[in-house]
Amino acid sequence: MAGKIAKLFGLIVLAASGAYVFVYLYRWEWNRALIAAAFFLAAEVALMGSAVLERLRRLDAKLDDAAHRTDVARRHLQATAPPARNDHFAWLSPSSNGGEMNVFVPVLLGAGVILSGLAWLVERISRATAGAVMEDALAQRLGPLVLPSAGLVPAPATVALLDGPTS
């Protein structure tokens, strides 16, 4: 109730000081207009601060309520959680699946890791050694396409000899 009375008082001060600013400006009383404008700004800042604080209080209440609901949900989840398993590697125990195939999956996974490592090693070795061999084979295949060292146009002396003697 006190908050509503304070807001009502702030609105009255805001309206009155705003009205007096215009009255004093109409009368050309600059100093009184400045004082009334200062009261107007103070009332406006007070009302805005009050509104912001009220919204912050409501937000805080919502957050507290959400935290309470989260705690209730957490307690419910903990109360209804299934019992913890202590045998994480049950497939290794002799009693599961008759005991014949209980290490098949880890052996298969281990073999896959080893084969992947070998494939990586072969790839690295082939990348290091294949470059020179591939360049040699490419050079042999492109050899017939290489331009002659003297060029395609013969030298001027050679051209004169080919035309024959001029008289």
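Quantities reported herein were computed from a predicted structural model and do not represent experimental measurements.
Under a 4.5 Å side-chain heavy-atom cut-off, the cluster of Ile, Leu, Val, Met, Phe, Trp and Tyr residues that includes F22 has no other member. In the hydrophobic clustering (ILVMFWY side chains linked at under 4.5 Å, chained through shared members), I12 is joined by L8. With a 4.5 Å cut-off between side-chain heavy atoms of Ile, Leu, Val, Met, Phe, Trp and Tyr, the cluster of Y24 takes in Y20. Cluster partners of F39, by chain and number: I35. The rule joins Ile, Leu, Val, Met, Phe, Trp and Tyr whenever side-chain heavy atoms lie under 4.5 Å apart.
The CG atom of D64 sits 4.5 Å away from the CG atom of D60 when rounded to the nearest 0.5 Å.
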Under 3.5 Å, sequence neighbours excluded: what are the donor-acceptor pairs made by side chains of residues 74-83?
from: R74; atom 1: NH1; to: D71; atom 2: OD1; distance (Å): 3.1
from: T80; atom 1: OG1; to: H76; atom 2: O; distance (Å): 2.9

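What you find for S17 and A36 is that their closest heavy atoms are CB-O, 3.5 Å. Scanning both residues, V13 and A43, for their nearest heavy atoms gives CG1-CB, 3.9 Å.
Scored by the side chain to side chain donor-acceptor pair (under 3.5 Å) test, R127 finds E123 as partners (sequence neighbours excluded). In this structure W30 satisfies the ring-ring contact (aromatic ring centres under 6.0 Å, His included) test together with W28, sequence neighbours excluded. Checked against side chain to side chain donor-acceptor pair (under 3.5 Å), D65 has the following partners two or more places apart in sequence or in another chain: R69. Scored by the ring-ring contact (aromatic ring centres under 6.0 Å, His included) test, F40 finds no partners at all (sequence neighbours excluded).
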task: For the pair L56 and V52, evaluate side chain to side chain contact (heavy atoms under 4.5 Å, CB included) and give the outcome as yes or no after the intermediate values.
output: CA-CA 6 Å; L56 285 175; V52 168; 4.2 Å; yes
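Residue-environment remark: CZ (R58) exceeds the threshold of 12 foreign heavy atoms within 6.0 Å. Surrounding CG of N31 are at most 12 heavy atoms belonging to other residues, nucleotides or ligands under 6.0 Å away.
Residues V21 and L25 meet the side-chain proximity criterion, which asks for heavy atoms closer than 4.5 Å.
Applying the side-chain hydrogen bond (donor to acceptor under 3.5 Å, both in side chains) rule to pairs touching residues 44-55 yields E54-R57, sequence neighbours excluded.
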